Amino acid sequence: MKEYNPHEIEPRWQKVWEETEQYKMEGDASKPKKYVLEMFPYPSGDPHMGHARNYSIGDVIARYNKMRGYDVLHPMGWDAFGLPAENAAIKHNGHPATWTYGNIETQRSVFKRMGLSYDWDRTVRTCDKEYYRWGQWIFLKMWEMGLVERRSNPVNWCESCHTVLANEQVTEGVCWRCGNPVERRELEQWYFKITDYAQELLDDLDKLEGWPERVKQMQANWIGRSEGAEVDFVLCDKDGNAPAEPTADDIITVFTTRADTLFGCSFFVLAPEYKGLKELVAGSEQEAAVLDLIAASEKVSAVERAQGDREKHGVFTGRYVVNPINGQKVPVWVADYVVADYGTGAVMAVPCGDQRDFEFARKYDLPIVPIILMEDEIAAMVEESGKTRDEVIAQFSAQTVDWAEAHAAEGTLVQSGKYTGMMGGKHSAGEEAIVADLEAAGTGRRKVEFRLRDWLISRQRYWGNPIPAIYCDDCGIVPVPYEDLPVELPMDLDITKGEQLADHKEFVECTCPKCGKPARRETDTMDTFTCSSWYYLRYCDPHNDQAPFDRELVNRYMPVDQYIGGIEHAILHLLYSRFFTKVLRDAGMLDFDEPFTNLLCQGMVKDENGETMSKSKGNVVSPVKMMDAYGADAVRTYILFMAPPDKDLDWNEAGLGGIYRFLNRVWRIVYDLMGQAGEETLYQPGSESQAAEAAKVLLRERHRVVGKATDDFERNNFNTAISAMMELANAAGDYLRKAAPAARDAELGRDVAETLVKLLSPMAAHMTEELWHTVLGHEDSVHEQAWPEFDPEKAKADEVELAVQINGKVKARITVAADAAEDAIIETALEAAANAIGDKTVVKKIVIPGRLVNIVVK
RNA sequence: GGGGGCGUGGCGGAAUUGGCAUACGCAGCGGACUUAAAAUCCGCCGCCGCAAGGCUUGUGGGUUCGAGUCCCACCGCCCCUACCA
């Protein structure tokens with residue numbers, strides 16, 4: 001018997017697989033397709049355990065499905081543009097491309113060493129011009145469709161990365177990449193109008209049955225649909241007089257989900273960034289104070305903004321607006337608790353019904369008029385006054401409150417004109433009635449707001465996909481014609497000297513495609529998330545030089561059947577990709593609505609103390625070092641065995657040794673089952689001869705385990721699938737120990753050996769291939785074999801042990817024939833539990849076949 | 001503040017539809033083999049108890065013949081999100 005030596009086996013088979021193009025996709029249209037995809041990596045350096053886990057999961061799913069008879073598409077590529085390459089280039093005095101392509105090669109060699117079954121011919125690298133030209137093409141297409149806009153807005157600026165960021169790339173006020181606080185700046189930037197798709201992006205979440213609930217919830221929260229109404233307030237002139245015939249310019253509109261509280265509006269608030277605010281106060285005595293507040297709020301960092309209970313600051317503008325519901329004039333304030341980019345940037349303040357307005361009113365001594373009462377308050381008033389409930393509500397006339405906080409919940413409206421007595425709250429009768437009346441009067445209308453903002457896609461960075469646009473003094477902003485693509489990223493630029501695209505004369509200077517006059521090229525590049533929003537489509541047709549992809553091919557392989565990646569992309573990449581898919585569908589380029597049918601978010605790999613691994617903590621476990629010690633098969637199998645794929649796991653090397661021992665045991669068992677173990681057989685002369693029984697158990701286990709493992713593979717429960725294989729190995733070991741080599745059943749031996757090897761082949765790809773050839777004597781690859789069949793009948797035992805419970809507590813055990821009648825089972829059970837029953841009366845007998853008998857006594 | 005999730009031995013975890021809690025593995029303990037060690041193989045291994053037996057899935061209650069699983073309250077931990085009107 002040869003010894004198990006992964007270090008010899010693994011490179012040898014990797015070479016064979018490469019030479020025979022083992023994992024090149026079949027493209028066999030007669031088979032059903034299966035697209036298995038792992039989120040492609042950023043080429044940041046050596047792969048870490050998170051990568052190893054992600055790609056082990058994907059590889060097992062791909063290999064399993066191939067054995068199940070699918071035409072499997074399983075590609076790999078690199079998300080290769082991005083800022084770290086620029087930082088590394090500066091640090092190492094080189095070029096971002098050198099660092100990027102070098103890291104890609106490093107990662108590729110590690111992935112090959114892991115034995116991952118990729119069709120390398122389909123590799124996509126987003127920094128290749130053969131790829132990014134089609135990103136530009138899609139940009140132009142979107143421009144044509146009216147989904148690209150360049151406009152001025154307050155944006156998130158990261159000084160450390162020296163670029164603007166999308167909303168999705170700022171969490172708790174800090175930049176997602178470098179962790180530095182972002183600033184607000186008013187800048188002109190490029191946007192994708194993702195908000196045009198907000199409703200569909202929300203609605204279609206319901207179609208994604210194969211997605212984790214929490215990811216869908218996170219996307220729904222991010223899209224943030226909110227139903228309410230717009231209400232028009234009329235601005236009074238500087239002397240506080242309402243215009244007799246207000247024009248559009250005199251109207252300030254607010255968005256509210258609580259139109260029912262309109263009677264409680266005692267002031268009005270604008271965001272500091274509110275457009276037209278400066279004109280509003282120009283020349284007034286309040287002007288200086290308002291400008292001070294604007295300046296102060298600009299300085300407040302986003303980190304501070306993100307902190308929960310911040311102190312609210314505001315000043316009176318000196319102006320008034322008229323409340324359309326009751327004609328009341330209320331003062332207009334400016335305050336930093338109103339955000340400019342949600343709703344209209346203006347709010348009606350109802351301090352009695354909104355905690356923020358309440359706090360603000362308390363601080364600045366503004367009126368808090370109670371217009372909503374809770375049921376317990378009404379009950380107390382009824383009790384105290386002796387009046388009826390209706391009288392209490394109708395006669396309520398307090399002008400201020402002694403509450404500790406606002407009444408934000410549902411309650412009864414008071415002091416609200418004809419709406420008094422109606423229920424108030426979101427979607428309440430009172431709200432419906434008031435909005436209906438506002439609509440009739442033309443001073444309000446139903447409105448749905450979304451929290452989702454348009455996607456800011458321009459970046460002031462070199463290492464990215466150039467935006468194909470040209471500035472012409474005469475023609476304005478002009479798209480680069482399709483036939484001029486790609487706009488190539490110049491490579492002769494020294495970013496170590498701080499050069500950016502704008503400094504590159506030959507790149508910037510161009511002619512206007514419309515009028516032919518000298519013009520300037522756009523020097524911003526696209527957010528790298530635009531590159532990763534469609535790469536999965538390109539894999540279907542990676543070498544196409546006529547189009548981003550062929551429609552037929554994409555329609556055949558898409559959508560991705562199983563997508564695997566980290567939860568950190570729950571919003572970012574997964575939302576953007578859904579958006580791109582819908583846009584390209586509307587462009588007529590594909591025929592489906594959603595890109596990813598099933599999504600698996602793998603858990604994080606942490607160190608043995610449950611801490612996240614990081615270079616600064618010095619607790620990083622290298623997959624390469626682990627493979628050096630135990631081989632790729634053991635590392636792959638172990639990482640799947642440790643925990644279900646979606647749970648975090650704490651790395652522990654001792655367990656890896658256990659898996660290595662398991663692979664070793666399988667190795668010896670296969671040799672032994674095939675009669676090739678010689679002296680090293682597990683047979684123990686002198687052990688009791690129960691060979692026949694062990695053979696029976698082994699046959700049963702062979703069928704039971706295939707059934708169990710198949711089910712587990714279908715549910716991505718790889719940890720329990722491996723447990724089941726261990727059980728089969730244990731049964732085989734028991735058989736081998738008890739049955740003398742000469743007396744063994746050769747047919748059973750080969751069946752079990754081949755079954756075990758096939759079951760294990762998606763994980764331990766090299767070892768099983770070696771056994772398949774050398775011990776089992778096959779010429780073809782184990783990875784080309786059909787998944788083993790099983791017979792549920794053969795998985796059944798002829799006798800079963802049942803627990804006998806008295807009132808739900810196990811008191812005895814009985815063994816009965818598997819097909820025993822219920823009466824017979826009860827009789828046996830009553831006998832076995834006679835002591836426990838004693839002189840009590842049996843009131844009920846419950847038999848759960850194959851499991852237990854419960855006898856209820858009194 | 002809002003939303004979501006989790007809590008099972010010394011450890012990772014299993015229990016798929018409400019049906020024998022702790023499968024499988026790690027660690028530990030004992031044994032075989034060995035001059036010895038490693039490797040391998042066998043056995044034990046939730047807690048209390050000498051035992052009979054009793055107890056046990058964060059805590060307390062409920063539904064049920066039967067609850068880790070369903071319902072209610074509480075405690076603890078984790079993740080996401082946030083002046084969103």
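Side chains are part of it too, since the values below use all heavy atoms of this structure and drop only hydrogens, waters and symmetry mates. Being a predicted model, the structure only gives us computed values, none of them experimental. Each chain gets a letter, A, B and so on, in the order the sequences are listed, and its residues count up from 1.
Regarding contacts with the backbone of A85(B), every side-chain N or O of Y337(A) stays at 4.0 angstrom or more from both OP1 and OP2. A sub-4.0 Å separation between OP1 or OP2 of C26(B) and a side-chain N or O of R661(A) is present. Close to C84(B), at under 4.0 Å from its OP1 or OP2, lies no side-chain N or O of R225(A). Not one side-chain nitrogen or oxygen of R813(A) sits closer than 4.0 Å to the OP1 or OP2 atom of C20(B). A close approach under 4.0 Å does occur between a side-chain nitrogen or oxygen of S226(A) and OP1 or OP2 of A85(B).
Atom CD in E227(A) sits roughly 12 Å away from atom P in A85(B) (whole-Å rounding). What separates CZ of R258(A) from C1' of A85(B) is a distance of 11 Å, to the nearest Å. Atom CD in E653(A) sits about 14 Å away from atom P in C26(B), given to the nearest Å. To the nearest angstrom, C1' of A27(B) lies 11 Å from OH of Y638(A). C41(B) atom P lies 9 Å from atom CG of N664(A), rounded to whole Å. W222(A) places its CH2 atom 13 Å from the P atom of C80(B), with the value rounded to the nearest Å. For the pair I372(A) CD1 and A85(B) P, the computed distance is 16 Å after rounding to whole Å. Regarding K647(A), its NZ atom lies at a distance of 9 Å from the C1' atom of G12(B), rounded to whole Å.
If you run ring pair (Phe, Tyr, Trp, His ring centres under 6.0 Å) between Y638(A) and each of F718(A), W651(A), Y630(A), only W651(A) comes through. Considering W333(A), Y337(A), F358(A) as possible partners of Y364(A), the one that fulfils the ring pair (Phe, Tyr, Trp, His ring centres under 6.0 Å) test is W333(A).
Nucleotide G10(B) carries an anti base; the chi torsion (O4'-C1'-N9-C4 or O4'-C1'-N1-C2) is more than 90° from 0.
The line from CG of L728(A) to CG of L759(A) is 7.0 Å long, rounded to the nearest 0.5 Å.
In the set G19(B), A85(B), G25(B), G25(B) carries the atom at the smallest distance from any side-chain atom of N730(A). Between A85(B), G19(B), G4(B), one nucleotide has an atom nearer to the side chain of R214(A) than all others, and that is G4(B). Here C24(B) is the nucleotide among A85(B), C65(B), C24(B) with the atom lying nearest to any side-chain atom of E727(A). Nearest nucleotide to the side chain of A654(A), out of U16(B), A14(B), A27(B): A27(B). When the nucleotides U16(B), C41(B), G19(B) are ranked by their closest atom to the side chain of D711(A), U16(B) comes out on top. Side-chain proximity of I848(A) to C24(B), C83(B), G19(B): nearest is G19(B). Residue R451(A) places its side chain closer to U81(B) than to any other of C42(B), G4(B), U81(B). Closest to the side chain of V856(A), out of C65(B), G19(B), U40(B), is C65(B).
Residue contacts shown for F641(A) include a base, since a base heavy atom lies under 4.0 Å away. Contact annotation for E801(A): base contact, defined as any heavy-atom pair under 4.0 Å involving a base atom. Here R665(A) lies in heavy-atom contact (under 4.0 Å) with sugar-phosphate atoms only. Using a 4.0 Å heavy-atom criterion, one finds that D341(A) contacts no nucleic acid atom at all. Residue contacts shown for N719(A) are limited to sugar-phosphate atoms, with no base heavy atom under 4.0 Å away. Across all strands shown, G343(A) has no heavy atoms under 4.0 Å from either base or sugar-phosphate atoms. Counting any heavy atom pair closer than 4.0 Å across all strands shown, D648(A) reaches sugar-phosphate atoms only and no base atom.
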### Task
Show your reasoning for whether side-chain hydrogen bond (donor to acceptor under 3.5 Å, both in side chains) applies to Y671(A) and E680(A).
CA-CA 9 Å; Y671(A) 266 90; E680(A) 292 165 86; over 6 Å; no

### Message
Test side-chain hydrogen bond (donor to acceptor under 3.5 Å, both in side chains) on N730(A) and R665(A); report intermediate values, then the result.
### Response
CA-CA 9 Å; N730(A) 290 346; R665(A) 206 159 81 244; 2.8 Å; yes

### Query
E168(A) and W222(A): side-chain hydrogen bond (donor to acceptor under 3.5 Å, both in side chains), yes or no, with the steps?
CA-CA 9 Å; E168(A) 289 79 8; W222(A) 188 262; 2.9 Å; yes

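G19(B): Watson-Crick or G-U partner is C65(B), with both key distances under 3.5 Å. As the counterpart of G1(B), U81(B) is assigned, both hydrogen-bonding distances of the Watson-Crick or G-U wobble pattern falling under 3.5 Å. In this structure C6(B) sits in a base pair with G76(B), meeting the Watson-Crick or G-U test at under 3.5 Å.
Distance check on atom P: G68(B) versus C74(B) gives 23 Å, rounded to whole Å. Between G13(B) and G4(B), the two C1' atoms lie 23 Å apart (nearest whole Å). With C1' as the reference atom, C11(B) and C65(B) are 37 Å apart, rounded to whole Å. As rounded to the nearest Å, U56(B) and C24(B) have P atoms that lie 25 Å from one another. Rounded to a whole angstrom, the distance from the P atom of G7(B) to that of C44(B) is 30 Å. With C1' as the reference atom, A51(B) and C78(B) are 45 Å apart, rounded to whole Å.
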## Note on the structure
With B for base contact, S for sugar-phosphate-only contact and - for none (protein heavy atoms under 4.0 Å), nucleotides 54-63 of chain B reads S---------

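When all heavy atoms are compared, the tightest approach of C601(A) to V215(A) is SG-CG2, 3.8 Å.
Residue pairs meeting the salt bridge (charged side-chain N to carboxylate O under 4.0 Å, His left out) criterion with at least one partner in residues 208-233 of chain A, sequence neighbours excluded, are E213(A)-K216(A), R225(A)-E227(A), E230(A)-R445(A), E230(A)-K447(A), D232(A)-R445(A).
Judged by closest nucleotide on RNA chain B, A803(A) is the one of K426(A) and A803(A) placed further toward the 5' end.
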